[in-house]
Asks: 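What follows is a single structure, and I will ask about it in a moment.
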Amino acid sequence: MHFRTLELNVAQLSRCIQKSRINKYSDARKEKYQKVLIELFSELQTHDYSTLTPTQLIAKKQIVDFVFESIQYLDNSTLTIIPFEIVYCLEQALNEWIPGHSFIVVTSLSNELLSYQISYNLTQNSALYTLIKNDYNKEFEHKLIQITLPRYYVHDYLANVVLYHELGHFIDRTYKISESVIWTEIANKTVVYNSEEMYRLLNHYMEYFADIFAAQYVGNASNLFIDYIAHKNPDCFTHPATDKRIEMVKKFLDGDHTVPEIKNLKHFTLLNTGRDLEIKHDNLPLDDFYNLLPYELSNERELHSIFLAGWSAWQKNPDNKLKTDFGNDVAYKAINNLIEKSISNYIVVKNWNS
Amino acid sequence: MYFAQNETRNQFELYLTFLDEIVANNNELYKAFFRTIVSQAKDLSTGVIDYSKLSKEHFDIIAILANNHPDFFANIDIDNITVENYQQILTFLTADVSQFAY
Amino acid sequence: MYLTKRELRELIIDTKEIVIRPLLQIDQIGEVAVDFRLGTDFLMSFQGRNSAIDVSNHDAPEPSSSYFQETRRLVGSSFLFHPMQTVLCSTLEYIKLPKNISIELTMRSSYSRLGLSISSFIQPGYSGCISMELTNVNNIPVKISVGARIVQARFYRLAEDTDYFSTKRKYICQVRPEVSLANLDSEGDILKKVKNLGI
């Protein structure tokens, strides 16, 4: 890497910073984060890169990339149509698994139809924050997580259950659960380190964990959607076959934990996090949906349960009252609106009474 | 994916940078940073702890170093890690990173 | 006949024939009306490339939605109503009315004195947040807290039941303001035919 290319990158970043400098956030934590980011950038601007070794250049590039990515996350988060209902639900699950965390959740809307993602790059590289502290004496009190969902599905809570799966990946990476399973297999010599089989097994474990994590909260709702978008997909390097994933979730929900994958994941989840993978939802009665009413949710367990209830109201066959009375288009809109209103009422009532 | 994920690769690049700095300039801050890594690699190599007890921040590097170089870490003196030790760790890690399959 | 406090409390709290969710404070039920709050979602009009919002034309090139921009606020934050601006918003409360009770909605006087106006009628059997078209007829911007009680609803009991769903409804289970679907009115084709007859 030539130092002039890095200097070009810094000049490019300068333009981004100028545009983003005027952003105002209602969240004081984001304001503070942006302030430190701009201070860091000021230091980067004045640095002499011509004297750096190749290794040092690579390290500096990581800091520049960090600033770029942070700006991107913060810029997108000023969107005034953030679906705070789904974000709230995910944050409750996040608070449960990482209590007292220092993450700031921001959202981004994508124009791609199925782009559901939780980006946590900025949370995983602790060495980077040490480098920033060491070289520039800057510290970030919080780390950014970005939730991305398709613009067209902003108000689609049936599809948005997939985000629980994505949150599962984040929890897994944070606590190294699947990795603990694989390293134990390596230590037991059932898998060879650095082999294709090792990576494949790790990838599959990560998908199983994310599916089971989601199933705790939304039952089989996430799998209903995955079965549709990845129907009959076979085993591949990155994912187990869709049928296997569905079966794994079914076994978990039925309480059959004898399957090695579930057993291993439960074992290391408990060891690494102090928490168990277990059912964290109820089967809500569907009367409120059929009566076109939002639910009066009384606790977090019911909050997460609303998604499965929505899917149950949609999937019911035969005798689907909403479909019969109003047709599919209206039923789709009604269910999603009622899920959204149920969640937002829960938030409002909870905050009002606190 | 595992090592192919950018953040993991990025982190290992920085580990190498820090080790470079320790070897070249005896950087105390980075030595303090590496103490947990070396200490836990030793404990893992000698069976004092298992994977569930590893630092989640440095899990990857500890697991790889302990797995690939158990004898070195089992015998390292934690209270007196020399520059030569760090040089050796740097050599190990450079080789390990170059061999990442994915 | 207007419903009074005693009847309102009975229908809302005891028998739950009128559903209001959430009802954050019981004293929203007044002597002859119920106060409703400003909700979190807004549609603001803005001027586009075309000269008018054309709802006379089924086949208008630009749908009504293209003249409005969506925005959200958290409860407790504020929203600014510019002079002569019409903003579509909705109540924080989701309501469901029985088949024989309707609602007439007006501004609470504290807010009508600032220049905000509304007039709205909700049919019996309606289910959803109440859509509001608020216009600031003052020449000064007005800033209001989201969640503030800004409108009051008078409830009428009709002589007989009606069936809200006897005709096809464009707005069902609304939880945020939605743009006008006037151009989809069923008589659009008839009116077009009449025009073409040259009468």
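In the text below, chain A, chain B and the rest are named by the order of the sequence lines, each starting its count at 1.
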Asks: So which of A:Leu131, A:Ile58, A:Thr53 has the biggest tally of heavy-atom pairs under 4.5 Å with chain B?
Replies: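 Looking at each of A:Leu131, A:Ile58, A:Thr53 in turn, A:Leu131 comes out on top.
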Asks: Any sub-3.5 Å donor-acceptor pair from A:Asn194's side-chain atoms to B:Gln99's backbone N or O?
Replies: yes
Asks: Grab the two heavy atoms, one from B:Phe18 and one from A:Ala127, that are nearest each other, plus how far apart they are.
Replies: CZ-O, 3.3 Å
Asks: Given that the side chain runs from C-beta out, which part of A:Thr123 has a heavy atom under 4.5 Å from chain B: side chain, backbone, both or neither?
Replies: neither
Asks: Supply the atom-to-atom distance A:Asp135 CG to B:Leu29 CG, rounded to the nearest 0.5 angstrom.
Replies: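 It is 9.5 Å, given to the nearest 0.5 Å.
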Asks: Using atom types as modelled and distance alone, determine if a side-chain donor or acceptor of A:Gln62 lies under 3.5 Å from a backbone N or O of B:Asn10.
Replies: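 At least one qualifying donor-acceptor pair exists.
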Asks: Could you walk me through whether A:Val181 and B:Tyr51 pass the side-chain contact (heavy atoms from CB on, under 4.5 Å) test, one step at a time?
Replies: CA-CA 9 Å; A:Val181 172; B:Tyr51 292 100; over 6 Å; no
Asks: Against A:Asn125, only a single residue in B:Arg9, B:Glu57, B:Gln11 fulfils side chain to side chain contact (heavy atoms under 4.5 Å, CB included); can you say which?
Replies: B:Gln11
Asks: What's the separation between atom OG1 in A:Thr130 and atom CG in B:Leu14, rounded to the nearest 0.5 Å?
Replies: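 If we round to the nearest 0.5 Å, A:Thr130:OG1 and B:Leu14:CG are 9.0 Å apart.
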Asks: If you count every heavy atom of other residues, nucleotides or ligands that lies below 6.0 Å from A:Glu112 atom CD, does the total exceed 12?
Replies: no
Asks: Output the distance between atom CG (B:Leu54) and atom OG (A:Ser180), rounded to the nearest 0.5 Å.
Replies: 7.0 Å
Asks: Output the distance between atom CZ (B:Phe59) and atom OH (A:Tyr175), rounded to the nearest 0.5 Å.
Replies: 14.5 Å
Asks: How long is the straight-line distance from CG of B:Asp60 back to CZ of A:Arg173, given to the nearest 0.5 Å?
Replies: 6.0 Å
Asks: Going through the checks in order, is the side-chain contact (heavy atoms from CB on, under 4.5 Å) test met by A:Trp183 and B:Leu44?
Replies: CA-CA 11 Å; A:Trp183 276 107; B:Leu44 188 61; over 6 Å; no
Asks: Quick one: list whatever passes side chain to side chain donor-acceptor pair (under 3.5 Å) with A:Gln124, sequence neighbours left out.
Replies: none
Asks: So how far is it from A:Lys176 NZ to B:Ile62 CD1, rounded to the nearest 0.5 Å?
Replies: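 Going from the NZ atom of A:Lys176 to the CD1 atom of B:Ile62 covers 10.5 Å.
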Asks: Crowded around A:Lys61 NZ? As in, over 12 foreign heavy atoms under 6.0 Å?
Replies: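 Atom NZ in A:Lys61 is not packed in, count stays at 12 or less.
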Asks: With a 4.5 angstrom heavy-atom cut-off, could you sort out which part of A:Ile186 is near chain B: side chain, backbone, both or neither?
Replies: side chain
Asks: Is there a side-chain contact between A:Thr174 and B:Lys56 in this structure, where contact means two heavy atoms from C-beta onward sitting under 4.5 Å apart?
Replies: no
